[in-house]
There are 2 protein chains.
Amino acid sequence: METTTAVKRLSALAQEARLDVFRLLVKAGPEGRAAGEIARALDVAPNTLSAQLLVLSNAGLIGARRDGRSIIYSVRFDAMRELLGFLTQDCCGGRPEICAPLAAAKSCNRGVPDEAPARARGRR
Amino acid sequence: METTTAVKRLSALAQEARLDVFRLLVKAGPEGRAAGEIARALDVAPNTLSAQLLVLSNAGLIGARRDGRSIIYSVRFDAMRELLGFLTQDCCGGRPEICAPLAAAKSCNRGVPDEAPARARGRR
DNA sequence: TCCATATTTCGATATTCTTTGAAATATGGA
DNA sequence: TCCATATTTCAAAGAATATCGAAATATGGA
């Protein structure tokens with residue numbers, strides 16, 4: 001990933017209100033959530049939310065689809081993965097020994113082999 | 001980690017110049033690098049760099065120690081790990097199945113990729 | 001002590017962001 | 001078609017950021 005893309009994505013997440021939106025969408029999962037629902041849930045004006053969604057969208061972190069009168073936003077998990085990959089690369093770059101303990105901090109890497117999530121061990 | 005801390009750290013990294021500084025310090029490793037060296041390496045004015053280092057420092061992402069006339073900055077890898085953990089949590093939150101492929105994107109969790117991240121090779 | 005080096009602080013300016021009210025666009029239903 | 005709902009666009013105001021020149025502080029050595 002180009003650093004300019006990384007900066008764009010980091011910037012998009014680097015604001016309380018937008019981070020809230022993003023987290024809400026993460027919780028919503030692939031089905032996403034309508035703009036209006038998000039606005040009500042976070043108690044933010046529709047036009048303000050629209051601007052926030054635009055920033056996240058321009059950063060590629062979320063996508064949108066229309067459903068009737070509503071517009072449904074959802075996280076682009078691939079983009080988030082890319083970003084995490086970039087940051088991890090930066091953190092480990094050439095010095096895996098420094099970053100080795102990182103795996104322990106990543107709850108989602110635990111017990112999840114590449115394909116089959118054999119069984120999630122409850123801990124978190 | 002509190003979201004306000006996360007926002008602070010994301011903001012600190014969300015700018016080209018500061019991301020460059022951070023990446024340089026990551027490469028430098030635990031020994032760190034003197035402010036002056038960084039300024040020369042990145043071709044930025046000393047006072048400008050000072051402001052950038054302050055932001056990264058306030059975010060807790062880097063630390064400083066004096067060595068003679070120089071001040072040596074180095075990455076606080078724990079802080080970076082925390083941030084990555086927070087983001088990963090956000091990404092996986094309650095839905096590890098979504099994030100399962102994430103492990104594959106994390107080069108540092110498996111073998112060591114042979115090269116530094118500095119070089120921008122095309123898409124991946 | 002005096003001086004050169006290394007870095008930071010201060011103050012100002014230029015730029016970029018964020019939010020808001022008002023108006024516009026798109027959709028579905030009566 | 002007309003109307004209500006859902007969302008976005010626009011323009012402006014206010015807030016926050018980034019960078020720069022000049023001056024200040026800290027350190028080591030002659």
Side-chain angles (χ1 to χ4, degrees), chain A residues 3-25 28 31-76, chain B residues 3-25 28 31-76:
Chain A
T3 85
T4 128
T5 303
V7 167
K8 218 170 180 181
R9 292 186 184 171
L10 288 167
S11 298
L13 295 175
Q15 201 230 13
E16 196 86 42
R18 281 190 308 255
L19 186 55
D20 287 344
V21 171
F22 185 77
R23 299 179 85 191
L24 185 152
L25 286 177
E31 311 103 62
R33 286 266 224 147
E37 286 184 272
I38 302 172
R40 279 187 296 277
L42 299 180
D43 191 33
V44 58
N47 58 348
T48 299
L49 177 72
S50 194
Q52 294 167 345
L53 289 169
L54 186 63
V55 173
L56 288 166
S57 194
N58 283 338
L61 287 169
I62 64 176
R65 67 176 196 281
R66 180 176 278 277
D67 175 31
R69 271 179 271 202
S70 299
I71 295 186
I72 312 290
Y73 286 88
S74 54
V75 170
R76 285 196 169 136
Chain B
T3 83
T4 126
T5 304
V7 166
K8 217 170 180 180
R9 291 185 185 171
L10 287 168
S11 298
L13 296 175
Q15 202 230 11
E16 195 86 42
R18 280 189 310 252
L19 187 55
D20 287 345
V21 171
F22 185 77
R23 301 179 84 190
L24 183 151
L25 286 177
E31 311 103 63
R33 286 266 225 148
E37 286 183 273
I38 302 172
R40 279 188 295 279
L42 300 180
D43 191 33
V44 58
N47 57 349
T48 298
L49 177 72
S50 193
Q52 295 167 344
L53 289 169
L54 186 62
V55 173
L56 288 166
S57 195
N58 284 338
L61 286 168
I62 65 176
R65 68 176 196 279
R66 179 175 280 277
D67 176 31
R69 271 179 271 202
S70 297
I71 295 187
I72 312 289
Y73 287 88
S74 55
V75 170
R76 285 195 169 137

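Model, not experiment: these values are computed from the prediction. In what follows, every heavy atom counts, from backbone to side chain, and hydrogens, waters and symmetry copies are set aside. In what follows, chains are A, B, ... by sequence order, proteins preceding strands, each numbered from 1.
- Counting only heavy atoms from C-beta on, A17(A) has its side chain closest to dT19(C) among dC20(D), dT8(C), dT19(C).
- Residue R18(B) is classed as a sugar-phosphate contact, given heavy-atom separations below 4.0 Å to backbone atoms only.
- The phosphate of dA6(D) has neither OP1 nor OP2 within less than 4.0 Å of any side-chain N or O from Y73(A).
- Counting to the nearest Å, the C1' atom of dT8(D) and the CD1 atom of I38(A) are 14 Å from each other.
- To the nearest 0.5 Å, the span separating CG on L42(B) from CZ on R23(B) amounts to 11.0 Å.
- Within the 4.0 Å cut-off from OP1 or OP2 of dC17(C), not a single side-chain nitrogen or oxygen of Q52(A) is found.
- Contact of the T4(A) side chain with the E16(B) side chain is registered, since non-hydrogen atoms from C-beta on lie closer than 4.5 Å.
- Expressed to the nearest 0.5 Å, how far CG of L56(B) lies from CG of L19(B) amounts to 9.0 Å.
- Place S11(A) and I72(B) on DNA chain C by their nearest nucleotides, and I72(B) ends up nearer the 5' end.
- Within the 3.5 Å criterion, the main-chain N or O of I38(A) finds no donor-acceptor partner in the side chain of R33(A).
- Within the structure, every side-chain polar atom (N or O) of R66(A) is placed at least 4.0 Å from both OP1 and OP2 of dA26(C).
- For A34(A), counting side-chain heavy atoms from C-beta on, the closest listed nucleotide (dT27(C), dT19(D), dT7(D)) is dT7(D).
- Protein atom CG of N58(B) is 14 Å distant from nucleotide atom C1' of dT17(D), rounded to whole Å.
- Using a 4.0 Å cut-off, some side-chain N or O of Q15(B) falls inside it from OP1 or OP2 of dT19(D).
- Within the nucleic acid shown, S70(A) comes within 4.0 Å of sugar-phosphate atoms alone, with no base atom in reach, counting heavy atoms only.
- Toward the 5' end of DNA chain C, the nearer of the two residues R40(B) and A51(B), judged by each one's closest nucleotide, is R40(B).
- For the pair R69(A) and N47(A), both in contact range of DNA chain D, the more 5′-proximal nearest nucleotide belongs to R69(A).
- When rounded to the nearest whole Å, the span between CD1 of I71(B) and C1' of dA24(D) equals 14 Å.
- Partner assigned to dG29(D) is dC2(C), using Watson-Crick or G-U wobble distances below 3.5 angstrom.
- A donor-acceptor pair under 3.5 Å links the side-chain atoms of R18(A) to the main chain of S11(A), judged by distance alone.
- Across every strand in view, dA24(C) sits in a pair with dT7(D) that passes the Watson-Crick or G-U test at under 3.5 angstrom.
- Using a 4.0 Å heavy-atom cutoff across all strands shown, S50(A) reaches at least one base atom of the nucleic acid.
- For R65(B) and dT27(D), the CZ to C1' distance is 16 Å, given to the nearest whole Å.
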